[in-house]
Structure formats: structure tokens, C-alpha cells
2 protein chains.
Amino acid sequence: MRDRASQLELARSKSGECACGNLRKAARAVTQVYDEVLRPTGLRVTQFGILGTTMAMEPVTVTRLADSTVTDRTTLTRNLKLLEKRGLIRVQMGNDRREREVTLTAQGREALASGLPLWQKAQTRVVQGLGEERWNALREGLSAVVSLARAT
Amino acid sequence: MRDRASQLELARSKSGECACGNLRKAARAVTQVYDEVLRPTGLRVTQFGILGTTMAMEPVTVTRLADSTVTDRTTLTRNLKLLEKRGLIRVQMGNDRREREVTLTAQGREALASGLPLWQKAQTRVVQGLGEERWNALREGLSAVVSLARAT
DNA sequence: GAACAATAGGTGTATATACTCTCACTCATG
DNA sequence: CATGAGTGAGAGTATATACACCTATTGTTC
């Protein structure tokens, strides 16, 4: 059963089981819901999320923010640049001059506060659609997956 | 309690709860595991997944493949182009000349078969790390999320 | 205190993703 | 069969993502 043909049969039968594929698929699907709802704000869910996390951690360095969101540091650098260009965040040198400290601007806080009801709308749609119980289970599963992947 | 300050307090407290943010975070984390393991094949998990899905559905049109993977059609077009350039798939005109039919090449089947053990390694790491039971619950939750998002 | 390791960050390049717009083709309808 | 609606696909543009490599600063060790 180790010949090429049976390997291919195996691949065919397993093509829908990939943990990564299923996670990415769900992320794409849900991203479209949130992006659609957030559209009036001119922000995507990724950007809105960075604003929220920054709010919760500020002042915060690029690396700490990247760790917290499980994003590559260089990815975050580029995402931050877009928000900075729009005047929603400030990125300035820290005491340790290797570090950059990220903070929200007044405009950024405004954008976050005014987008919150829209975010809540999308969130409610998903959470109620799943049901609280299922949502809690999913949330826990996602959290476990992240820990597991990071530990590797 | 509807003033700006309390809105911001709310945003701060909810910044970790976002369904979309959590899904995307988990997808990033797991993608790194799979991409790392698949590295010897020169394929990323996205590409490997497209090969697998194509295998299961071939011959398949671009739109049907896009629907099945919950990917925007234009995204898939670009992903397919990379695989075509490497000679792993063939994209040719269908009987309905608007359609493009995607099939695996011999080289594509070879890549899929030879990458399968590596994929299995990553998959096992995640599934066993979570435990079968939790993994099944997660899988079901992801599936529900996709249905829900698509229905919108 | 000079040399080197360690840490924080950015650039170049490549893939992944989706929206808008456009083109090509098919089909239904008169 | 002409014409317009509907369908399948690609191009232009912009964001999201990460790896390899690089620079600047800090800390450590002799």
C-alpha cells in the first residue's frame, strides 16, 4: 500500500481534513463578514484589531505587539505603516533607542470608538449564529491551537 | 455610558474577543507549522492544499474550485498561476469556452504524493496536540463558522 | 573600554488575499 | 438571428503575510 497510486488515493481522501486548510478557510470566510460590516469605517478587521490591541497595551513596542498578535514582526511593521500614514497611530523612538513605541492618536481613538458598534454587529452575528456554547468551545480550541503551534 | 471614554474602555476590554481576530491568529500560527514542515517540498500549505483539492475534484473549473475553498476567484487565479508555472497543474479551456479546466500534471501528482507524509506529520502534530475529541469539536466549529459566514 | 554577542527594527522579495472593472462567451427572448 | 442578460475568467490595485538579510543599539566579557 505504499505505491504512488495508493498515496494519491490517500491524498484525495484527506484533502478536506487539513487542520490548516480548515482554519484558513474559516478565517477567510469570517474576514469577509467583518470587513463588509466595517467598510463604512474605511478600516479592515486587521487594522481595527491592531488599533484595539494597541489601545489595550499602549505604549507598546513593535515586537511585543507582534508577539501578542502572533504576527511576524515585519508584517506588523508594514501594517503599522498604513495606520500611521492615516494618522491613527504614532510610532516613536523609545528610551532604548532600538525600540519603537506605538500609541494611538486622538484620531485613532476616535476611529476605534466609532467603529466599535459595527464590530459588535459582526461579532454578534457570528457568536449568536454559532450559539454561545459552541462559540466558547471554538474559542477555546483556537486558543489551544495557538499555544500548541507556538510551543513547537 | 455612551460617551467616548466608555466606548474606549469597552474597546479595550473586548480587544481579545474578536472572533475574526482569533481565527486569523490561529490560522497564522498553524500555517507556520505546516509551512515549516512542508518546506522540503518547496510548496506552501496553501499550494499543497490546492493540489489536494484539485486532485479530489478534477477536472474542475476555476470558479468551482474557488467556491469549494471559500477563496475569491481572482485570488485563486493567481495562486493557480504559480502552480502552473511550476508545471504542477494544467489550466486549459473547457467545452464552454468561458471556463478553464484545472487538472494535475504527472509532476503535480508526484509532488502531492511525495509531500503527503510531511503533511501527515504536521497534521498529526496538531491533532494529537489537541486531542482527537477537541480536534473534532474545533473542526465542527470551523465548519459551522464557514456555513454561517457564507449564508450572510 | 574594545570586541563580540544579543536584541529591536527595517528592506527586498515573494506569496496570499480580495475588490473593482473589464472582456469573452453563452443563453434566452423577441 | 440580433440583442441584451447572465456567466466565467483575468488585470489593476491595495492590503496581509512571512522569510532572508541588513543596520543600529545595547549589553557582556575580558
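Letters go in sequence order (proteins before strands), and every chain restarts at 1. Model, not experiment: these values are computed from the prediction.
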Any B/Arg39 side-chain N or O less than 4.0 Å from OP1/OP2 of D/dA20: yes

Euclidean distance, atom CD of residue B/Glu36 to atom C1' of D/dT17 [Å, nearest integer]: 16 Å

With distance as the sole criterion, do the side chain of A/Arg78 and the base of C/dG9 form a donor-acceptor contact below 3.5 Å? no

Classify A/Thr31 by what it touches in the nucleic acid, base, sugar-phosphate, or nothing, heavy-atom distance under 4.0 Å. nothing

Rounded to whole angstrom units, what separation is found between the CD atom of A/Gln47 and the P atom of C/dT17? 18 Å

Look at the side chain of A/Arg98 and decide which nucleotide, out of D/dT25, C/dT15, C/dA18, has an atom nearest to it. D/dT25

Assign B/Thr75 to base, sugar-phosphate, or nothing according to its heavy-atom contacts below 4.0 angstrom with the strands shown. base

Take the protein atom CZ of A/Arg44 and the nucleotide atom P of C/dA16, then report the distance between them rounded to whole Å. 17 Å

Less than 4.0 angstrom between a side-chain N/O of B/Thr63 and OP1 or OP2 of D/dT7, yes or no? no

Rounded to the nearest Å, what distance is computed from the CD atom of residue A/Glu99 to the C1' atom of nucleotide D/dG27? 13 Å

Are B/Leu51 and B/Val70 joined in one hydrophobic group, where the rule is that I, L, V, M, F, W and Y side chains link up if heavy atoms are under 4.5 Å apart? no

Candidate nucleotides C/dT17, C/dT15, D/dA16, ranked by approach to the side chain of A/Asn79 - the nearest: D/dA16

Taking all heavy atoms of A/Arg73 and all of A/Val62, pick out the closest pair and write down the distance. CG-CG1, 4.0 Å

Rounded to whole Å, how long is the line connecting atom CG of A/Asp67 with atom P of C/dG9? 10 Å

Mind calculating the distance between CG (A/Leu23) and P (D/dT17) to the nearest angstrom? 14 Å

Along DNA chain C (nearest heavy atom to each residue), the more 5'-positioned of B/Arg86 and A/Gln32: B/Arg86

Has B/Thr75 got a side-chain atom pairing as donor or acceptor with B/Thr71's backbone, closer than 3.5 angstrom? no

Considering only D/dT17, C/dT26, D/dT15, which nucleotide approaches the side chain of B/Asp96 most closely? C/dT26

Distance test, side-chain N/O of A/Thr74 to OP1/OP2 of C/dG10, below 4.0 Å: no

Could you check whether A/Arg73 gets within reach of a base, just the sugar-phosphate, or nothing at all, counting any heavy atom under 4.0 Å? base

Does B/Arg134 come within less than 4.0 Å of A/Glu140, counting only side-chain N to carboxylate O? yes

What I want to check is whether the side chains of B/Ser114 and B/Glu110 have a donor and an acceptor closer together than 3.5 Å. no

Does any N or O in the side chain of A/Thr61 come within less than 3.5 Å of the main-chain N or O of A/Glu99, such that one atom is a donor and the other an acceptor? no

Report yes if a donor N or O on one partner sits less than 3.5 Å from an acceptor N or O on the other, where the partners are the side chain of A/Arg97 and the base of D/dT25; otherwise report no. no

For C/dG10, does OP1 or OP2 lie under 4.0 Å from any side-chain N or O of A/Thr77? yes

Got a donor-acceptor pair under 3.5 Å from the side chain of B/Arg28 to the base of D/dT17? no

Is any side-chain nitrogen or oxygen of B/Lys81 closer than 4.0 Å to OP1 or OP2 of D/dA11? yes

I need the CD-C1' distance between A/Glu101 and C/dG9, as an integer number of Å. 14 Å

Here the distance between atom C1' of C/dT15 and atom CG of B/Leu83, to the nearest Å, is 11 Å

